[in-house]
Amino acid sequence: MPASAASSPVLTRDPVRDPRQATGPERRRRAGILLLLTLLVPGGAQAVAGSRRWGRIALRVTLAVWAAVLLALVLALTARAALVSVLANPVVLVLLGVVLVTLAIGWGLLWVDTFRLIRVHLLGPRARAATAAATVVALVVTSGGLGYTAWMTQSGRGALGSIFGSGPAIEAADGRYNILVMGGDAGEDRVGLRPDSMHVASVDAETGAVTLFSLPRNLQNAPFTPDSPLWQAYPNGFDCGDDCILNALYMDVEEKHKDLYPDAEHPGAEAMMDAAGGVLGLEITGYAMMDMAGFAQLVDAMGGVDVVSGGYVTHRGARPDGTWGDIWWEPGTHHFGGDDALAFARSRKFATDYARIRRQQCMQAAMLQQFTPATVLTRFEGIVSAGTQIVTTNVPQSQLGTFVDLADRSRGYRMARLTIGAPDFGTANDRFTTRPDYDLVHRRVAELLDEEPTKAGSASTAAPAASPGATPLLALTAAIPAPLLVAEASPAATGTGGTTRPGVDPDDPSTWPSAPTGPNGEPYSAMELMRIQDAGDEAQLVRIASTNDLCAPGG
């Protein structure tokens, strides 16, 4: 053998690092493998076909990210409250935003380098076009997705900061968090704000089981305890006659008695907590005010909401002849935009306040049920804008994790409820009780809270709480007003009050009685109802609207 031949180096074929040595099919497979590596194991393409140093750095970052994701999943299963509290921390959210942007840029650079390593000029025309398109799509989905998540995180941070306080944690009283949830109304025809929808959610601090107490807006003589600042102004209760209905207290304090709550950001809300506590005999430690205009904007941002109505409901609008007046929604399934959803929930003409309370709870339950992570992701900007307007609360941001965790636990129980008015108080002839026996109310409240909570399952259950995969904004929207945004259980099923329709489950349309019909046995049309109203037959319309308290989430 010649000496020159013996000393020649042996060339090893390596098509992965040098595609010039590969056949056409091998080059196509190589391109697909490098793209998959960059998608599933960022840095893998560089480690096998490019700079091993940069590949090793990218792989270490990838492993660190997967370890963080795994840790978050473990915490979500074992210590969700702690995880949410950490993620709700504004400093953590800023750092998370920086990390996400850095990862988005880094992954984008890896895609560009992978495209270089593929050497698309060595591919055939079809493979070249497919590789370029796949790279662009993957770049947008991965780096773009991380960038969008970073933006959502910072938007959510701003929303959290504008809604939640920074004060001390609210305390549980006798093992329960008692939170007053109000629907505020400051319409153009009204002076100042007044809460027309008032509910106290009493949440078991261990199980998360919720008992909902609904307070009619026109309760009178609301009592105060001696340790309330309002005792100085109203030692005998809020007892100045018809002007002193419960929802008038908010503006009364804001205008006349702010000095009684010198350290409060919202003295009217603090006063409403004292009044609700006096009515129920409970210590109320937290409140959330939900603005009606923000409610309508939130529904629009969600793309509307679906509900099933069991009766005829009136509202103001444009009639077929162009005049402005009362028009009617018929029984059935409706898809409402924001303004219509608000009108449906607030309508009380030809109906009782109890029916109105039921529709409000139904509408809010429908929102929670249809407020999915997919809705948040696709409509995030509008929801953030509405969310910063809809809720004002004294619950601190640091305690968000506690309430998200309790909201999740509450799904295992049916929600008990008690209305401080018809049908739970008063006689069969009372349409509404504005001056209940508050000693009796206190006893009934205590008895209800002493009962063992009913497990969910056999009968209709409450609407689900926020999904564990929801974004911080969904958590903030669902966690604080969650007790209000959950469909109340059937009074007959829970044993918590009377009902005028035995055997009817308010949350199950299949058990509902039919709405009243006309003399010919046919349903009333909207035009017929307008003619009856124009004729002044109010008694007939009250009968026709008698089932409009029946309402359930649709969809």
Side-chain angles (χ1 to χ4, degrees), residues 14-19 26-120 131-157 373 376-377 401 404 467-472 475:
D14 186 1
V16 174
R17 300 197 71 82
D18 186 0
E26 288 176 333
R27 290 171 182 170
R28 290 193 296 273
R29 286 195 297 272
R30 174 181 178 274
I33 290 171
L34 293 183
L35 289 174
L36 282 175
L37 281 174
T38 304
L39 177 65
L40 302 176
V41 191
Q46 285 67 33
V48 301
S51 169
R52 290 191 173 92
R53 175 171 175 269
W54 289 110
R56 286 193 295 268
I57 293 173
L59 287 172
R60 291 191 186 103
V61 173
T62 299
L63 289 174
V65 170
W66 278 113
V69 170
L70 181 61
L71 176 62
L73 290 174
V74 171
L75 290 175
L77 295 174
T78 61
R80 179 174 300 171
L83 176 62
V84 174
S85 294
V86 169
L87 292 178
N89 185 289
V91 175
V92 173
L93 288 174
V94 170
L95 292 176
L96 181 59
V98 172
V99 169
L100 288 171
V101 169
T102 302
L103 290 175
I105 294 172
W107 210 345
L109 293 175
L110 289 177
W111 281 116
V112 172
D113 189 57
T114 299
F115 189 75
R116 178 187 66 83
L117 294 174
I118 290 173
R119 301 188 189 182
V120 291
T131 299
T135 302
V136 170
V137 170
L139 175 63
V140 171
V141 170
T142 56
S143 292
L146 285 173
Y148 182 64
T149 304
W151 174 79
M152 286 198 305
T153 299
Q154 299 316 299
S155 297
R157 176 177 64 86
V376 175
L377 290 173
V404 170
S467 163
T471 67

Contact check, side chains of Thr114 and Thr135, non-hydrogen atoms, under 4.5 Å = no

Between the main-chain N or O of Val41 and the side-chain N or O of Thr62, is there a donor-acceptor pair closer than 3.5 Å?
-> no

Exactly one of Asp113, Ile105, Val112 clears side-chain contact (heavy atoms from CB on, under 4.5 Å) with Leu109, and that residue is Ile105

Approximate separation, where rounding is to 0.5 Å, of Ile118 CD1 and Arg28 CZ | 13.5 Å

Sidechain-backbone polar pair: Arg56 side chain, Ala47 backbone, donor-acceptor under 3.5 Å | no

So do Gln154 and Val94 actually touch side chain to side chain, heavy atoms under 4.5 Å?
-> yes

Grab the two heavy atoms, one from Ala45 and one from Thr38, that are nearest each other, plus how far apart they are.
-> CB-OG1, 3.5 Å

Indicate the atoms forming the closest heavy-atom contact of Gly97 with Ala150, along with that distance.
-> O-CB, 3.9 Å

Report yes if the side chains of Trp111 and Leu39 come closer than 4.5 Å at any heavy-atom pair, otherwise no.
-> yes

Taking all heavy atoms of Gly43 and all of Ala58, pick out the closest pair and write down the distance.
-> CA-CB, 3.5 Å

Less than 4.5 Å apart, any side-chain heavy atom of Leu34 and any of Val48?
-> yes

Taking Arg52 for the side chain and Gln46 for the main chain, is one N or O donor matched with an acceptor at less than 3.5 Å?
-> no

